[in-house]
Amino acid sequence: MKFETPATTNPIDRLKVIGQPIHRIDGELKTTGRAMYAYEWHDPNTPYAYGYPVGAAIAKGRINAMDVTAAKSAPGVLAVVTTLDVGKRKKGKFNTANLFGGDEVQHYHQAIAVVVAETFEEARAAAALVKADYAEERGTFDLSAERRAAKKPDESQEPDTAVGDFEAAFRSASVTLDQSYTTPDQSHAMMEPHASIAAWNGDEVTVWTSSQMIDWWRSDLATTLGVDKGKIHLMSPFIGGGFGGKLFLRADAVLAAFGAKAANRPVKVALPRPFVINNTTHRPATIQRIRIGAERNGKITAIAHESWSGDLPGGGLETAVNQTRLLYAGANRMTAMRLVTLDLPEGNAMRAPGEAPGLMALEIAIDEMAERVGMDPIEFRIVNDTQVDPEKPERPFSHRDLIGCLKLGADRFGWSNRPKVGSRREGDWLIGMGVAAAFRNNLVLPSGARVKLDRQGVVTVETDMTDIGTGSYTIIAQTAAEMMGVGIDKVAVQLGDSRFPVSAGSGGQFGANSSTSGVYAACIKLRDAIAQKLGFNSGDAVFENGIVRSGNRSVPLAEAAGPGGLVGEDTMEWGDLAKTHQQSTFGAHFVEVGVDVATGETRIRRMLTVCAAGRILNPITARSQVIGAMTMGAGGALSEELAVDTRRGFFVNHDLAGYEVPVHADIPHQEVVFMAETDPMSSPMKAKGVGELGLCGVAAAITNAIYNATGVRVRHYPITLDKLIGGLPDVA
Amino acid sequence: MRAFTYERASSVEAAAKAAASNPEAKFIAGGTNLLDLMKLEIETPTHLIDVNGLGLDKIEATPEGGLRIGALVRNTDLAAHETVRRDYGLLSRALVAGASGQLRNRATTAGNLLQRTRCPYFYDPNQPCNKRQPGSGCSAIGGFSRQHAVVGVSDACIATHPSDMAIAMRALDATVETVKADGSRRAIPIADFHRLPGDTPHIETVLERGEFITAVLLPSPVGGKHIYRKVRDRASYAFALVSIGAIIHPDGTGRVAVGGIAHKPWRVEAAEAELPKGARAAARGILADARPTEQNRFKVDLVERALGAVLSEARG
């Protein structure tokens, strides 16, 4: 099915199951420990062996030689496979750095060996005995120092846009702002580290892994191993968080496959926590410059956003200016992104790539600008709202209700009680309130599914879609139940298996809308098959309460299925509605903070996020996504930073003691409100993404609240106390 | 982790003797730090002597009016003990400011004193570290040093001691009671127990090989307001950037030990005379000869500001 014209009324609009607050259908499996994550797969009859990775001890150079003699003779060792043994491999399409193979070291903790042993402990102990002799080369690791050497990337990365004459308009503007902001490297820091089990059967290999994108991994694993894609069977039914860190094939799957081949045994490999940070990918740091010019009435006349980020040779941009191309009006505008070559671990997508760090800067700048023109920051945003793509005004937004989010949020949060800067104090706490807009584009990808109806009237959905904690199982079951007119208890969902139709996968907040649309398409096929079998006109067949009805005939689905059952399979493809209409999601964040007047410690007191993201398929799982994103934003605002050692070229704080994500005590009462809306341009589900929206802008709202509390404006994340205490009142 | 042998000690004396006879042996109590270090092969004992079963888990009143805290008393139990909460509130508050509930259930009194630094370079065997590999150099100097020490540092090491509990013990003038391999006992004032790094940062305490901590003694209560103020980036489960352990009397006199700024719990008794004059004067004495890095210079201000907040709370 191809979605080419805006959705009209369809069976989803019945909202008997879709849109209902249904608890996760896999919740009991998870809370009772029966949901099997990659490393936990265990067949008692299978003689698993255990692989432990060895990472490069340098950031850049070559390996002259490796000595594995001691490791090979250590107790329990079955095999040692080194990067020199396997030699240089073809690289997967989605990888920038090599995962394994060859003598080149491109970054710290790049995998250089896997040691396979009878037990995990034996493998780990032997891995410490692997010796490598390096020819270390000089690398570049400091974004700020290398900024002048930044280059414009190729046009495929869309580095530049310009409309009107920004420079002239900025020069002549009545009120201007010209500021720089920085965001640090960040880690996905998901709960479940990357892990895989590989088992060969002849020239075929089955890999249980933790992957957001089954088909991408399968293709890239085939390329890296040099085997036919058809010989690889990938399974990833449960994933303990990904945040973009599991979008692309990682070393655990490659090492498990090589290790299993060498040991001739199924092999389990999990990346140790420091490898999650220095062996895999991260969100790259940015330096951003924002210039805004406005008239006295608050209308923006000129806006420019430039960003610098770094990556390994062949890598890409952190697209931090993207939202600025779309979020606010202004006739004269320019954006530009430049790329620095850095020999740090690979930079790549992390939850809301582009918008997350971009809004961390832009939404401080907007707060600063509102103050300069003497307007409330909400009013300033409303004045500069746009209902069309400001770079291409012929493209309207499919649906945009940023103003509604801001107004409703202001009302719910008590924004009118916002104190004057630095004026409200409760005991030792300076209290402030902040606001920021949330914005994230709505993406759709092709997504396939197969839906079966059996003689018991049970509907089973099969798709390689993944559930990374988001609730995919549940919303897919809701979609099938709504389409087939059955209760959710009559639906079974099977995910994350490469034998199933290829789906959108999970990432870029495209998963929920795309994958349920794929299930919608497959259900239409199944409905047609049922109608055809019964001799019904599929146009007027009604599916409800487990029965299919047409005119005065009605047949229970179980009976319609017959002994052989019926199947519908299809893939949702997308027309050009996303080209003719800008599809985005919007929101508003409101935050109240307390800043300790003596120590500068910031503690969040209240958070509210209002989201306008199309139809909400399930308010429980959607809320869970948004509060998780708000929490991630709190970490980004206040504590998360991968500390770069610019001499040795690695992230120093590579564990969860050093890389501080929020703990429960950091997160106060969180409220989430969804605007009641639908977007018929986006899909037959009329839904949009929401999994990343909640992160976009929240850090700036926190930072703006800190400014409101203290009068100290910090433009360099994270906003730690050392950046505040110099501006706080004397307490000694 | 390297393979190791394991024994359960039958007595305090046997434990000390076994440890003295094997230079590659280590005592294990809660194991909350040692096991992590063994997994990373930063600690590589070939033999572990389990001291959990020696009956050293009691808290008793001493004839002098103080408390004798068994070496194996768990942090949770110590923090919750009625006498500790009533008479040594500083200790209870410092303990619950540290780690997590799960870790405190396991961690012991002696083990807490002996925990090792959380300097990230110490934890990465690929990086030079004089504490891990004497003579290899210090990566933190000139590197990522935001968490590191500002006083008592050397050119060989700027690591901090991470304990919250030890800050309280230092302010309370605790004494560490030990048994040596020859069976003799000694009492080490907490002030002398931990060493500054100097050029031997790998030697962290004055304990001799095999010497075994049996208890920590607290003198009789000194009254005053007991305040533990731990300053950190997140609200829980983080090591202190700076912590202040203070006992302040109504006349403004008192004691202050500071955490997060040195290789040992930091207390400058001479500076305490300045406390009645306020935080600035006292902090000046506490931080005399401070040698911060670019990244941790803020700790100098932060000590003064945190102490100011503590004194204000004491007056409150």
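Each chain gets a letter, A, B and so on, in the order its sequence line appears, and its residues count up from 1.
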Task: Cationic N near anionic O, under 4.0 Å, Glu24(B) to Arg2(B) - done: no

Task: Test: Arg267(B) and Glu272(B) ion pair at under 4.0 Å - done: yes

Open item on the list: Taking every non-hydrogen pair under 4.5 Å, which of Ala279(B), Gly308(B), Gly142(B), Ser312(B) racks up the most with chain A?
Closed with: Gly142(B)

- [ ] Identify which part of Ile58(A) has an atom lying under 4.5 Å from any heavy atom of chain B, answering side chain, backbone, both or neither.
- [x] neither

Task: Between Leu307(B), Leu302(B), Asp301(B), the one whose heavy-atom pairs under 4.5 Å with chain A are most numerous - done: Leu302(B)

TODO: Quick one: which of Val731(A), Asp666(A), Leu728(A), Leu638(A) has the most heavy-atom pairs under 4.5 Å with chain B, could you say?
DONE: Asp666(A)

TODO: Sort Lys39(B) into side chain, backbone, both or neither according to what part of it lies under 4.5 angstrom from a heavy atom of chain A.
DONE: both

Task: Arg229(B)/Asp596(A) salt bridge by N-O under 4.0 Å criterion - done: yes

Task: side-chain contact (heavy atoms from CB on, under 4.5 Å) partners of Ala665(A), counting only residues at least two apart - done: Val663(A), Ala235(B), Ser236(B)

TODO: Measure Leu311(B) against the heavy atoms of chain A and call it side chain, backbone, both or neither at under 4.5 Å.
DONE: neither

Task: Toward chain A, the part of Pro162(B) with a non-hydrogen atom under 4.5 Å - done: neither

Task: Glu204(B)/Arg116(B) salt bridge by N-O under 4.0 Å criterion - done: yes

TODO: Mark yes or no: Lys268(A) above the aromatic ring of Tyr50(A), with NZ or CZ under 6.0 Å from the six-membered ring centre and no more than 45 degrees from the axis.
DONE: no

Task: Test: Glu121(A) and Arg124(A) ion pair at under 4.0 Å - done: no

Open item on the list: Less than 4.5 Å to any heavy atom of chain B: does that hold for the side chain of Glu601(A), its backbone, both, or neither?
Closed with: side chain

TODO: Let me know if His654(A) has heavy atoms under 4.5 Å from chain B in its side chain, its backbone, both or neither.
DONE: side chain

Open item on the list: Under a 4.0 Å threshold between the charged nitrogen and the carboxylate oxygen, would Asp722(A) count as salt-bridged to Arg146(B)?
Closed with: yes

Task: Plane angle bin for Phe650(A) and Tyr121(B) - parallel if under 30°, tilted between 30 and 60°, otherwise perpendicular - done: perpendicular

Open item on the list: Just so I understand: if I count every heavy-atom pair under 4.5 Å between each of Asp428(A), Leu129(A), Val661(A), Asn653(A) and chain B, which residue has the most?
Closed with: Val661(A)

TODO: Using non-hydrogen atoms and a 4.5 Å limit, figure out which bit of Ile604(A) sits close to chain B: side chain, backbone, both or neither.
DONE: neither

Task: Residues Asp50(B), Lys26(B): salt bridge by 4.0 Å N-O rule - done: no

Task: Between Gly658(A), Ser639(A), Ala643(A), the one whose heavy-atom pairs under 4.5 Å with chain B are most numerous - done: Ala643(A)

TODO: Identify which of Arg232(B), Lys299(B), Gln127(B) forms the greatest number of heavy-atom pairs closer than 4.5 Å to chain A.
DONE: Gln127(B)

Task: Toward chain B, the part of Ala123(A) with a non-hydrogen atom under 4.5 Å - done: neither

- [ ] Look at Gly143(B), Ala3(B), Ala309(B), Pro125(B) and state which one has the largest set of heavy-atom pairs under 4.5 Å with chain A.
- [x] Gly143(B)

- [ ] Flag yes if more than 12 heavy atoms outside Glu294(B) fall under 6.0 Å of its CD atom; otherwise flag no.
- [x] no

TODO: Name the region of Asp655(A), side chain, backbone, both or neither, that has any atom closer than 4.5 Å to a heavy atom of chain B.
DONE: neither

Open item on the list: Can you tell me which portion of Val644(A) sits under 4.5 Å from chain B's heavy atoms? Options are side chain, backbone, both or neither.
Closed with: neither

